[in-house]
*Asks:* 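Before we start, here is the structure in question, set down as structure tokens.
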Amino acid sequence: MLVAFSTAGLAEPVRKSGYAVGADRCGAFPRIQIDMKKGFCAGLVASDEDGLEFPRSIVQIPGHELFVVADMGGWNRANGRLLVLDPKAAEGKRLKEAITNLEYPFGLAIGPDRKVYASTAEMIFRFDPLAADPRGTMEVIVQGLPGRRITLPDGTKIAESSHSLKHFIFDRLGRIFVNVGSHSDDCITRTPITRPCSAGEGPWPLASIWMFTPPAGGIFPVLKPGDANPPREIYARGLRNSMALAVHPRFPDPGYAFLQGENGRDLQDIFKPNEEINALEKGKHYGWPYCYDLSTASPEFKAVLQSGPYKNLCNNAVLYKQPYSLLPPHSAPLGMLYYHGSKFPELEGRLLISLHGYRPTGNRLLIYDVDDHGFPKLSPPPVRYQVSCASEPTRAFQTDDGPVKAAPYEELISGWHRVNGARPRGAPVGMTVAGDGAIWLVEDKNQTIIRIDRASGEPPSALPCDMRSQAQIDELVSFVKQDAQKSGYLASVRANLVEKHCVGCHTDFGLKAGQSDAQKDEAVLRFMLGQDGWMYPGDPDSGRLRIRLRGIGAEKQMPPGGENLPKTEPGYLRVLNLADYLVGKMVPGTRMRIKPGRPERQFFSKEGKVCGEIPTTKVVVVTQKDATGKPGFSRFYRPADPFLNGDCSDGDGYYIQSNYLVPLL
């Protein structure tokens, strides 16, 4: 299908952070094609071209049309930055560094004193982003929080805590509530497990919300190194990672909402477990790592749940508070707020939640109706949620016991799945409402700042799903099975990487009991080929598999602790190389590089249709150096998918001028 753009005055749309940008505007900014509720549009304010690396939150500076953006820089780094955004500046000049060399800056908030507050992995501070030297205005108010490197109460040392980011929020009394995330997915504990998870124990547990109370007057004093923190309490426990928090404006008046969006554990099933909206109450336990969904007991902790302080926890209403409502499974809620603004009166007082997850349930922005106290309105089962690009586009919220009541929602941004040539997969994180009522959000992986504005007329038609087809997967599997060398690469990757280090982190990779080695190999290959962006045959450098395994770029290295495996496991680097060989040699043909020169080279169908544009220096697999029936052109295998943009088909083939290809050195 040909993706249509309004391109008045432009021969071709330009691409920024993977978004095709034409002449259409959303407010003052280029409109990007993401599927939205009628009456809304999204404008691209800043992209990778502006120097964004891994933005995670945004807030407006009181009294100004400027914003502060927290850019982490990536994982396993201490080069995070706080940036000042001037939306009215010229493109390429909208961002200015305020404070640099921070470790995991994430949280941003406006305090009761109308100053900007920010967090790193271990502290919360306020500062003046408009000062000549913003770093010189930093005033630390909380310090010594559990960061990347921690020691658990049982003495276990953790070199890289999995959830060390410190999101925080103020209530109207000036108290600060801080996310102190768990150190792992589901508590790293040797089996058999007979004791409670150490990370959640002790006076200052992980997987909790910590509350800090200011002195009379509501403003936290400045701390010097070694000073004691303000008075603190554990407000709630058993919360794996609280990156989405929202308080009703009247909280803590009795009955008003304090909500949390829970990023649940990573079971292998794509539809288990559900994420959660929790209604937080002081002193309650919310289940991690012992309970998930509503009252399902984690099987690893069976012995812990049979005796001791956590006996029958998942059914103990005195200690354990079930989720208020379920969220779509593996959707990763990373932003939450109540909308208050003049631009969208239909949203006034409603709850917005951004879903960041890489599964097909994520990548969207939800709208919830709430009652007078801020709680989402519940409906009896079945309540359905959306699934992008799936044969079953909606599913009912359910647990092992069947469908359950939940809070239904609308989608302000729906799907946001990747569409070749038009947009990347959405990756929304932090949000804020500006003084004019516009909604601003940031995407970390796509390196963008987006502004949501009012739109008139009918919304554009939803863009189609564009994933690797089953026929393409079948063909690639046959290429590997028919070649002994490629089959050997696959067998080694499956046995020495996937089964040894990857299974159980997020999925079972299609592996089942009773499979032969050959069946295991094929299952693993089919799974990896079916994941969006993991492998681009012929070009291992472009795939997320290589990027994550080798810790390249902003995303966390996988598997956890993978940076140490080359030192501790003989042969590990060889296995990574074999994974590259498998991808690079998967398709029969000659690997060649797109000749340097113009930024992009067009490629065509045999009949001359434009199929897309490939950046120079990218790699393709040439199957016919002198294409039959198309003089002067070479035929190549399907390119790295993000560069497809047109109505070409695999059967018709892809062709590029032969003089645009150079040998791969």
Side-chain angles (χ1 to χ4, degrees), residues 12 15 18 420-421 466 468-469 471-473 475-490 493 525 528-529 533-547 549-550 552-553 576-665:
E12 292 287 342
R15 288 179 176 78
N420 289 331
D466 193 11
R468 185 173 286 142
S469 71
Q472 293 159 3
I473 293 175
E475 182 179 40
L476 292 167
V477 169
S478 71
F479 287 154
V480 174
K481 291 174 68 174
Q482 293 167 12
D483 186 288
Q485 185 182 53
K486 298 170 191 172
S487 296
Y489 296 155
L490 174 59
V493 170
L525 180 58
M528 293 192 294
L529 289 171
W534 277 32
M535 290 180 168
Y536 294 125
D539 189 8
D541 289 345
S542 293
R544 291 186 67 222
L545 183 69
R546 185 177 196 273
I547 290 170
L549 288 174
R550 295 183 182 268
I552 300 170
L576 297 189
N577 290 336
L578 293 180
D580 290 344
Y581 298 156
L582 173 65
V583 177
K585 299 183 178 183
M586 188 176 294
V587 176
T590 303
R591 297 173 70 223
M592 300 189 75
R593 192 178 297 279
I594 307 299
K595 184 180 180 180
R598 292 171 51 193
E600 295 180 324
R601 306 289 190 180
Q602 286 188 326
F603 59 98
F604 304 84
S605 70
K606 192 171 184 179
E607 286 73 28
K609 297 176 183 176
V610 176
C611 301
E613 307 82 30
I614 306 181
T616 57
T617 74
K618 284 294 181 182
V619 175
V620 295
V621 179
V622 177
T623 57
Q624 292 178 359
K625 184 67 176 69
D626 299 307
T628 304
K630 198 168 180 65
F633 282 77
S634 298
R635 181 171 180 167
F636 59 91
Y637 191 79
R638 181 176 180 142
D641 297 81
F643 312 121
L644 280 171
N645 178 26
D647 57 351
C648 301
S649 68
D650 291 333
D652 188 40
Y654 303 98
Y655 298 82
I656 194 166
Q657 289 179 224
S658 298
N659 62 335
Y660 286 168
L661 298 171
V662 294
L664 186 65
L665 301 178

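Given the structure is predicted, the values throughout are model-derived calculations rather than measurements.
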*Asks:* Determine, stepwise, if the pair Val622 / Leu661 fulfils side chain to side chain contact (heavy atoms under 4.5 Å, CB included).
*Replies:* CA-CA 9 Å; Val622 177; Leu661 298 171; 3.7 Å; yes

*Asks:* How long is the gap from NZ on Lys609 to CD on Gln602, to the nearest 0.5 Å?
*Replies:* 15.0 Å

*Asks:* Report the distance from atom CZ of Arg601 to atom CG of Asn659, rounding to the nearest 0.5 Å.
*Replies:* 8.0 Å

*Asks:* First locate atom CE of Met535, then atom CG of Leu545, and finally report the distance between them rounded to the nearest 0.5 Å.
*Replies:* 5.0 Å

*Asks:* For residues 576-587, run the donor-acceptor check on the side chains, cut-off 3.5 Å, and write out each pair with its distance to 0.1 Å, sequence neighbours left out.
*Replies:*
unit_1: Asn577; atom_1: OD1; unit_2: Arg550; atom_2: NH2; d: 2.8
unit_1: Asn577; atom_1: ND2; unit_2: Leu573; atom_2: O; d: 3.4
unit_1: Asp580; atom_1: OD1; unit_2: Arg546; atom_2: NE; d: 3.4
unit_1: Asp580; atom_1: OD2; unit_2: Arg546; atom_2: NE; d: 3.1
unit_1: Asp580; atom_1: OD2; unit_2: Arg550; atom_2: NE; d: 3.4
unit_1: Asp580; atom_1: OD2; unit_2: Arg550; atom_2: NH2; d: 3.0

*Asks:* Rounded to the nearest 0.5 Å, what separates atom CD1 in Ile594 from atom OG1 in Thr617?
*Replies:* 9.0 Å

*Asks:* Might you point out which heavy atoms bring Tyr637 and Gln472 nearest each other, and give the distance in Å?
*Replies:* OH-O, 4.3 Å

*Asks:* Do you know which two heavy atoms are closest between Pro596 and Thr616, and how far apart they sit?
*Replies:* CA-CB, 3.9 Å

*Asks:* For Ser542 and Lys618, work out which heavy atoms get closest and say how close.
*Replies:* OG-NZ, 2.9 Å

*Asks:* Can you check whether Ile614 reaches Val620 side chain to side chain, under 4.5 Å on heavy atoms?
*Replies:* yes

*Asks:* If you compare all heavy atoms of Ser487 against all heavy atoms of Val480, which two are closest, and at what distance to 0.1 Å?
*Replies:* OG-O, 2.8 Å

*Asks:* For Pro540 and Arg591, work out which heavy atoms get closest and say how close.
*Replies:* CD-NH2, 3.6 Å

*Asks:* When rounded to the nearest 0.5 angstrom, what distance separates CG in Leu525 from NZ in Lys481?
*Replies:* 10.0 Å

*Asks:* Please report the shortest heavy-atom distance between Ser658 and Phe633, naming the atom on each side.
*Replies:* OG-C, 3.2 Å

*Asks:* Testing Tyr660, Phe603, Tyr655 one by one against Phe636 for a ring pair (Phe, Tyr, Trp, His ring centres under 6.0 Å), which residue passes?
*Replies:* Phe603

*Asks:* Please determine whether side chain to side chain contact (heavy atoms under 4.5 Å, CB included) holds for the pair Arg635 and Lys606, giving the CA-CA distance in whole Å, both sets of side-chain angles, and the decisive distance to 0.1 Å.
*Replies:* CA-CA 9 Å; Arg635 181 171 180 167; Lys606 192 171 184 179; 6.0 Å; no

*Asks:* CG/Leu476 to CG/Leu529 distance, rounded to the nearest 0.5 angstrom?
*Replies:* 5.5 Å

